[in-house]
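Proteins get letters first, then strands, A, B, ... in listed order; numbering begins at 1 in each.
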Amino acid sequence: MSTADPSTWAAVRITLAVAAASTAALLLLATPLAWWLARTGSRLRPWIEAVLTLPLVLPPTVIGFYLLVALGPDGPIGGPWEALGGGRLVFSFAGVVIGSIVFSLPFVLLPLVNGFRAIGERPLEVAATLGATRLDRFFSVALPIARPAFTTAAVMGFAHTVGEFGVVLMIGGNVPGETQVLSIALYEHVEQLRYDEAHAIAGGLIAFSLAVLVFVQTRARVVPTGGA
Amino acid sequence: MNVTADADGLRVDLALARGGFALDASFAVPASGVTALFGPSGAGKTTVLRALAGLEPDARGRVVVRGEVWQESDRAVFVPPHHRRAGLVFQEPSLFPHLTVEGNLRYAWRRRARDVGARWFDDVVGWLSVGPLLARRPEGLSGGERQRVALARALAAGPRVLLLDEPLASLDRASKREILPVLASLEERLDVPVVLVTHSLSEVARLATRMVTLRDGRVEEVGPVEELLARPDLSHEPGDPLGAVIEGTVVAHDDDDWLTTLKAPCGEIHVRRVERPVGTRVRVRVLARDVSLALDEEPRISILNSFACVVDRIDDAERGEALVRLRAGEGEAAVFLLARVTRRSLRALGLAVGTPVFARVKSVGLEG
């Protein structure tokens, strides 16, 4: 293994930044969604849950393609966004983060849904009879009891974002210092037959992924299975 | 104990249909004291309790607690559970797993009713002897300890009414012995109505002053425990023996014979010595199977307790037996006993309603 070159370090930085930003956004987004899914009696629930877990089974390029269309300057999201003065979404850092959020959603959502379901009604009923309002019950009982599920969700979301390729390539392209994440840098090194750099990145990602899975396993939480 | 006019008690009219089960229960509970909600499993006792606490939003009807309307479906009034202040103790203690014992108690204390005094938290901790457990985590506690903490937690919130759902059912004998005295002290320590769900007659006799019997979702009987426990036709589970309850006052202790004498309307009752001061009111339970009947007062027999009674009512029981209700004393002061005898004995003695008899009691259980 040779010392990684500066562009590799830039890719490490971008990868971590994308993973951190999308994990944070995902936790905020998935928590209320998971709470609702775990407790609703709505007949729409299976459909909504299926749509939200679609990224588990779809080829990443399919998601990437639709996101490219939607976020593009003429797309239903990218168009109004740019008209309102927002910057270009496709082939930008922001676009990659949005893509990661969509792609990694099930990996954050499912552990949270399972975690919330495992609490059951009883602790919340007890809290209610003790005078806790709905919001109070959520923050003082549901969140702390489901804390292990949050750890699992955050770790899985982060790790899965670090490992993504297809969505980023479709929506972010390969802009060094902007959208070039590790998996794409690896791809480029291989294309150019620079196997030493490729080895450094590939080996590093294996070590990282292994560490994550060992962490999750030792906490004995159920992790979602599926294609990625 | 005027119940219907008791503005400080509970007035409950609830209906709920779910699957094949229909609940339609109306009863009142006095402002203080323990009322047992008694019935076989599946009678709807727990559902009533949950509906009182506001945990059954589908229940319809009217619930008034100490003058506050908690529910009035006709006027779309439904006070949510967190505004009801119903101290509900579930059959399983259901402590918060993420908090210590102290954390569990403080959770309730921080959300307590406004009118709760500053010393109440320490009072509850001392009363239920949970002080030594405060730093422990729920998973390390025994069943009895958990139930004690759950009760302390419900009390710490300063409930307007205390609802206990079979608090002894999931406990072993040792844990039961540990928590029974605590429950028995509720009546004098607590100034709020207590509703105790149970399917055990001995718990009713030990802990309650009034009872409501529930069967298939409907109220069968409401009344004082002394009166209902002397009913030969009281529905109960086969393994749970019937027995009447009598109140008496401690009048003397005999250290040599290890006996205590009680004065009751039916006469003196001798029981195994109890450590209660003279003058204390105590309640004894006399199981129907421990009572024999005699026409003459033969003195030469080992049994200590014998009361002059009149046969008040005779009901057929299973397997060739009969349940005889006996009245001792007249009018307001009358008390009742139940005796289980064979139908052959009934015929042999020529017993009928109005026959004077002597009830010989083999064993008298003290119920606190």
Just wondering, do Y107(B) and V126(A) contact through their side chains at under 4.5 Å, heavy atoms?
no

What are the two closest heavy atoms between [X] and [Y], and how far apart are they?
X       : Y       : value
L130(A) : A154(B) : CD2-CA, 4.1 Å
R85(B)  : G131(A) : NH2-CA, 4.1 Å
T133(A) : H82(B)  : CG2-CD2, 3.7 Å
A132(A) : R111(B) : CB-NE, 3.7 Å
T129(A) : A53(B)  : CG2-CB, 4.2 Å

Based on non-hydrogen pairs under 4.5 Å, which of A86(B), G54(B), A108(B), G158(B) is most in contact with chain A?
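Looking at each option in turn, the highest pair count goes to A86(B).
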
Heavy atoms only, distances under 4.5 angstrom: which of A157(B), A113(B), S94(B) has the most pairs with chain A? Name it, please.
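Highest number of heavy-atom pairs under 4.5 Å: S94(B).
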
Among the listed options P123(A), P144(A), G120(A), S140(A), the residue most often paired with chain B at heavy-atom distances under 4.5 Å
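The answer is S140(A).
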
Inter-residue atom distance R122(A).CZ - E92(B).CD, 0.5 Å rounding
5.0 Å

How about [atom1] on [X], more than 12 heavy atoms from neighbouring residues, nucleotides or ligands closer than 6.0 Å, or not?
X       : atom1 : value
W120(B) : CH2   : yes
Y187(A) : OH    : no
R110(B) : CZ    : yes
F78(B)  : CZ    : yes
F138(A) : CZ    : yes
R117(A) : CZ    : yes

Contact class of R50(B) relative to chain A, heavy atoms under 4.5 angstrom:
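Side chain of R50(B) only, per the 4.5 Å heavy-atom cut-off to chain A.
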
